[in-house]
Structures are given as C-alpha cells and as structure tokens.
Number of protein chains: 2
Amino acid sequence: MDFRNNEEDYIKTIYTLIEAFGSANEIGISSDLNVSMPTVSEYLNKLEAKNIIKKFNRKIYLTTYGLDLAAPIMSRHRISEVFAVKMLDVPWEESHDAVMDIEHSIDDLHFNKLRKNLGNPDRCPHGNPINIKENPNIMEFSINQVPEGRYKLSRIIYEENNLLKKFADASILPGQNLTFYRDGRSIVISGNNEFKIPEKLAGSFRLVTSYE
Amino acid sequence: MDFRNNEEDYIKTIYTLIEAFGSANEIGISSDLNVSMPTVSEYLNKLEAKNIIKKFNRKIYLTTYGLDLAAPIMSRHRISEVFAVKMLDVPWEESHDAVMDIEHSIDDLHFNKLRKNLGNPDRCPHGNPINIKENPNIMEFSINQVPEGRYKLSRIIYEENNLLKKFADASILPGQNLTFYRDGRSIVISGNNEFKIPEKLAGSFRLVTSYE
DNA sequence: CAACAATATTAGGTATACCTAAATAAATTT
DNA sequence: AAATTTATTTAGGTATACCTAATATTGTTG
Ligand SMILES: [Mn+2]
Ligand SMILES: [Mn+2]
Ligand SMILES: [Mn+2]
Ligand SMILES: [Mn+2]
C-alpha cells in the first residue's frame with residue numbers, strides 16, 4: 001500500500017516498451033510497474049476507453065493522442081534523471097528508479113526552468129532524448145540489425161536496473177564503445193569487462209558506428 | 001479529486017499552526033489543507049490513535065513522538081522551498097505553495113545531497129530554520145510582544161499566500177526592516193509601502209531588534 | 001440566560017488504485 | 001489434435017482520502 005502508479009506511469013511504461021521493443025504487452029507492464037496482471041488489465045481498459053492506447057491481438061500501442069500525452073511525460077522523466085544525477089548525487093544507472101516520484105511533482109513550467117538551470121541537457125543520463133518529437137537525426141541501430149563487432153553505445157531505452165548496472169560495471173555509458181558477439185540466444189557484450197544479456201533485450205540498446 | 005493530502009501534510013500544517021499561534025484547531029487545518037471539516041475530524045482521530053497528536057479542549061498539539069516526526073518533514077519542506085527559489089526560479093513568496101508535491105517525492109538521503117548542492121542553507125526563504133531542533137539562539141519576538149516601532153523581520157512562520165504577497169509587495173523579506181503600528185484589531189505594517197493585517201496573524205511573524 | 005454563531009462530529013457515500021483466486025483464451029509442445 | 005504452458009480477464013474485495021447533509025457541542029452576546 002505504498003507505491004501507487006498513476007496514468008503517467010502507465011503511459012511512460014507503455015511508451016518505453018514500444019520504443020524499445022516495438023509494442024507493449026501486459027506482462028511487461030505488470031513487471032515494470034510492480035502490479036498484478038488483473039490491475040494492468042483493468043487499467044488498460046480505462047486507457048483504451050480514453051483513447052490513449054489501442055490493442056491489436058495482444059499487442060498494445062499508443063494512439064496519436066496517447067503519443068501526444070507521452071511526449072511531456074517522457075520529457076519530465078528524463079529531465080528528472082538529469083536532476084537526480086547532478087543535484088542528488090545519484091549514479092546514472094540508478095537515476096531511472098530514483099525519480100519515480102519526483103517526475104510527477106513538478107509542472108512543465110517549472111521543469112523548463114529546471115532544465116535551463118541544469119544547463120539545457122537534451123539527453124537523459126541513458127542517452128534518450130528529452131524531446132521525443134525532435135528527430136535526433138542519428139543513424140542508430142539495435143543489436144539485431146548489425147553484425148558482431150565494435151560500436152559506440154548511443155542509448156539504452158529500456159532502463160531496467162539490472163541491465164543498467166551491467167553496463168555501469170563494464171564502464172559502458174552512452175557515448176562509450178562496446179564490442180559484442182552472439183552466443184545462441186544471448187548476446188555477449190564487453191567494455192571494461194564482459195557480460196551476457198538475453199536476445200529479447202536487443203531492441204533496447206541502440207548503437208552507432210564507432211569512428212575511433 | 002486532484003490533490004490528496006497525506007499524513008506528512010497534516011503534520012506539517014499542525015506543526016506550523018502550533019509554531020505560529022501556540023496551538024492548532026480544526027478550522028485552521030481545514031482551510032490550510034483545503035479539505036472539509038469532517039475530513040479533518042476523521043483524520044485527526046487517526047493521528048490521535050497513532051499517538052501523533054493530542055487534544056486539550058479543542059486545541060490540538062503534537063505529542064513528543066509527533067514532534068519527532070515533524071522535524072524531518074519540516075526540513076524537507078524548507079529545503080524544497082530553497083530548491084524552488086534557486087532551481088525553479090520561483091519567487092520566494094510563492095515557494096511555499098510550489099513545493100507541496102516535491103517535498104514528498106525525495107527521501108532524506110537525497111534531500112541531504114540536494115541541500116549540500118544548494119550551498120547548505122539553514123533557513124527557508126521565509127526565514128524558518130531547516131533544522132527545527134537546532135535552537136537558532138536569536139532573540140525573536142512576535143508583534144504582540146513588542147511596542148510599535150521599527151524592527152528587522154526575522155521570519156514568517158505561517159506561510160499563507162496572501163500574507164506573503166503583501167510582504168513581497170512591500171519588499172519586506174526576512175532580514176529586511178519594517179515599521180508597524182496598531183490600529184484597533186489590526187496591525188499596519190510598512191516597508192516600501194503600507195498594508196494592514198488582522199491581529200490574529202500577529203504570532204506568525206517574528207521580529208528582532210533592528211540595529212541600523 | 002436564551003439565542004445565535006462558530007466549531008466539531010456522525011452518518012452515509014464516492015473515486016482511485018490496488019489485491020487474490022478462479023476462469024478463459026491463445027500459443028507452444030508433445 | 002491433445003496437452004501443457006503462457007497470457008489475459010472476471011469476480012469479488014480492501015485501504016486511503018475525500019465529500020455532503022445533518023446533528024451536536026461550545027462560546028459569545030444581547
Ligand atoms: Mn528512465
Ligand atoms: Mn533515462
Ligand atoms: Mn512553507
Ligand atoms: Mn518556508
């Protein structure tokens with residue numbers, strides 16, 4: 001009876017799952033928001049009735065209206081993460097979890113001031129754009145689109161704690177280089193050290209060609 | 001169905017009313033928190049059952065335990081106000097209202113980091129101490145304790161929007177000088193301009209002798 | 001001191017976001 | 001195709017913080 005998610009949390013989670021993996025499903029939402037499946041099912045009905053999401057088969061998508069709602073939500077989330085890193089001394093890999101209350105507690109007007117006073121960042125600590133409607137104009141690929149090799153990490157879309165920790169431990173933050181190779185249904189990534197992640201997560205991190 | 005107060009809000013409001021006026025009552029709490037009288041009555045029963053408050057006649061006080069709870073709550077509130085002024089460009093007289101969500105959304109550990117990164121303030125923008133258990137060792141008086149005349153404003157405990165605005169408009173912020181005289185049941189205060197406030201509020205602002 | 005005003009409480013009800021247990025539907029395996 | 005596993009929904013219920021209308025209590029004052 002402690003954490004209660006609100007509409008913004010549902011939209012944020014759905015947006016992120018779609019951006020990372022193409023669509024969202026109820027299991028993913030349930031595990032990201034730490035609520036039971038019936039709770040998700042029920043909540044999605046509300047979002048559907050409000051024309052925020054649409055389901056095809058069992059895949060969940062945001063409507064155009066839903067995307068319009070998502071833009072400022074993602075922006076507030078990502079500015080909050082920059083704030084957490086710069087003003088609360090939170091390590092970048094923990095910043096996603098650290099802001100889950102803050103992001104709802106400041107309005108857009110004040111978030112703009114905060115962003116300015118933080119030096120006008122345009123990416124969150126994980127490399128994701130603060131303005132999702134701005135096309136960053138970068139040639140980004142997800143791991144399943146490119147051959148094994150060496151790349152620069154552009155961003156990590158699905159900001160899951162354990163995943164982020166692995167990157168942090170290997171000193172691979174956005175902007176840094178990594179090498180990867182496939183091992184069956186897994187992907188082995190190395191920076192300062194090596195770690196393995198399931199192929200399912202491949203869509204979540206985006207790479208650019210490394211010119212170094 | 002938008003704003004919902006939680007236990008911290010009730011404790012903060014009760015603490016403030018007691019500090020400003022000696023005790024709290026249900027009407028004061030109701031108007032400060034914008035909730036109906038039955039809601040207050042009901043909530044106070046819970047706080048009493050939890051040994052946080054105690055009623056004598058109709059006057060409400062915090063227990064020792066309640067005061068222990070109030071200390072970090074007031075601290076978070078007041079650090080939030082400094083943050084609002086410095087990082088969100090909020091005018092000092094509006095900062096109290098601006099932080100009503102923020103103050104609940106950051107834990108003590110991170111509030112300490114924030115405070116440090118804000119330059120270790122020890123007062124909120126209204127002059128009130130961030131650490132309420134530290135005795136500021138200042139000879140402070142409320143208006144009903146001193147003769148008419150010229151004083152330095154030390155702090156404004158009851159941070160009510162209209163009240164703060166009057167001080168701001170007259171350019172009297174904590175640390176600045178004011179002159180006052182009595183006019184029946186009102187008090188007339190002047191800084192850059194003159195305004196009148198009901199005697200009831202006298203306890204809320206504290207003065208020190210001005211040496212200028 | 002009765003009358004009126006101010007303050008507080010009771011009674012009965014709402015919305016939101018949760019939950020467990022059980023049922024159903026869809027996708028994978030044997 | 002039947003059996004099993006995975007994903008989703010239904011049914012029925014909880015806690016928290018609110019509300020209005022009505023009633024009771026206390027304080028003030030003519
Ligand atoms: Mn994040
Ligand atoms: Mn991020
Ligand atoms: Mn305040
Ligand atoms: Mn203050």
Side-chain angles (χ1 to χ4, degrees), chain A residues 1-14 17-18 21-50 52-61 69 73 100-101 103-105 184-185 198-201, chain B residues 1-14 17-18 20-50 52-62 69 73 100-101 103-105 184-185 198-201:
Chain A
M1 289 117 234
D2 226 348
F3 275 142
R4 328 202 71 214
N5 297 292
N6 60 21
E7 192 173 281
E8 299 204 343
D9 293 307
Y10 283 88
I11 293 174
K12 177 185 66 172
T13 293
I14 294 166
L17 290 170
I18 295 171
F21 308 116
S23 65
N25 64 5
E26 300 197 8
I27 293 239
I29 298 165
S30 159
S31 98
D32 287 2
L33 293 179
N34 286 303
V35 292
S36 72
M37 297 284 298
T39 298
V40 174
S41 180
E42 216 174 65
Y43 210 103
L44 293 184
N45 287 340
K46 273 187 240 171
L47 295 181
E48 200 167 25
K50 290 172 88 173
I52 292 171
I53 61 159
K54 192 94 224 220
K55 298 182 200 169
F56 292 108
N57 309 321
R58 275 140 169 245
K59 300 193 167 171
I60 296 150
Y61 301 91
L69 296 181
I73 293 169
M100 62 185 172
D101 286 336
E103 62 188 333
H104 305 300
S105 69
R185 304 211 145 280
E199 198 187 32
K200 285 205 159 199
L201 290 175
Chain B
M1 289 120 233
D2 227 349
F3 275 144
R4 330 202 69 214
N5 297 290
N6 59 21
E7 192 172 283
E8 298 203 343
D9 293 307
Y10 282 89
I11 293 173
K12 178 185 67 172
T13 293
I14 294 165
L17 289 170
I18 295 171
F21 309 115
S23 65
N25 65 4
E26 300 198 9
I27 292 241
I29 297 165
S30 160
S31 98
D32 286 2
L33 293 178
N34 284 302
V35 292
S36 71
M37 296 285 295
T39 298
V40 175
S41 179
E42 216 172 66
Y43 210 103
L44 293 184
N45 286 341
K46 274 188 240 172
L47 295 181
E48 199 167 27
K50 292 173 87 173
I52 292 170
I53 61 159
K54 194 93 224 221
K55 298 183 200 168
F56 292 109
N57 309 320
R58 278 143 166 240
K59 301 196 167 169
I60 296 151
Y61 301 90
L62 287 166
L69 296 180
I73 292 169
M100 61 183 171
D101 287 334
E103 62 188 333
H104 305 299
S105 69
R185 305 210 144 283
E199 198 186 33
K200 285 205 158 197
L201 291 174

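Please read these numbers as outputs of a predicted model, since none were measured by experiment. Proteins get letters first, then strands, A, B, ... in listed order; numbering begins at 1 in each.
The shortest distance between side-chain heavy atoms of Glu42(B) and Met37(B) does not fall below 4.5 Å.
Heavy-atom nearest nucleotides on DNA chain D were determined for Pro38(B) and for Pro38(A), and the one closer to the 5' end corresponds to Pro38(A). Heavy-atom nearest nucleotides on DNA chain C were determined for Asn57(A) and for Ser36(A), and the one closer to the 5' end corresponds to Ser36(A). For the pair Arg58(A) and Leu44(B), nearest-nucleotide mapping onto DNA chain C gives the more 5' position to Leu44(B).
Atom-to-atom, CD1 of Ile27(B) to P of dT26(D) comes out at 16 Å; the value is rounded to the nearest Å. One interatomic measurement links the two molecules: CD1 of Ile29(B) to P of dA17(D), which rounds to 15 Å at whole-angstrom precision. Summarising the geometry, the separation between CD on Glu42(A) and P on dT10(D) is reported as 10 Å, rounded to the nearest angstrom. Rounded to whole Å, atom P of dA26(C) lies 12 Å from atom NZ of Lys55(A). As a whole-Å value, the separation of Asn45(B) CG from dT16(D) C1' is 15 Å. Here the P atom of nucleotide dA15(C) and the NZ atom of Lys50(A) are 14 Å apart, to the nearest Å. In this structure, Tyr43(A) atom OH and dA15(C) atom C1' are separated by 12 Å, rounded to whole Å. The distance between atom CZ of Arg4(A) and atom C1' of dC19(C), rounded to the nearest whole Å, is 11 Å.
Across all strands, Asp9(B) comes closer than 4.0 Å to no nucleic acid atom at all (heavy-atom distances).
Classified by interplanar angle (parallel below 30°, tilted 30° to 60°, perpendicular above 60°), the ring pair Tyr10(A)/Tyr43(A) is parallel.
Note on Thr39(B): a side-chain N or O is less than 4.0 Å away from OP1 or OP2 of dC19(D). The side chain of Lys59(B) places no N or O atom within less than 4.0 Å of a non-bridging phosphate oxygen (OP1 or OP2) of dT26(D). Contact annotation: Ser41(B) side-chain N/O to dA8(C) OP1/OP2 distance is not under 4.0 Å. OP1 or OP2 of dT16(D) has not a single side-chain nitrogen or oxygen of Lys46(B) nearer than 4.0 Å.
The side chain to side chain contact (heavy atoms under 4.5 Å, CB included) test with Val40(A) is passed by exactly one of Ile60(A), Asn45(A), Val35(A): Val35(A).
Residue Glu26(B) places its side chain closer to dA8(C) than to any other of dA8(C), dA17(D), dA17(C).
Closest approach of Lys55(A) and Glu48(A) over heavy atoms only: N-OE2, 3.7 Å.
Here Glu7(B) does not pair with Lys46(B) in a salt bridge; the nearest charged N to carboxylate O distance is not below 4.0 Å.
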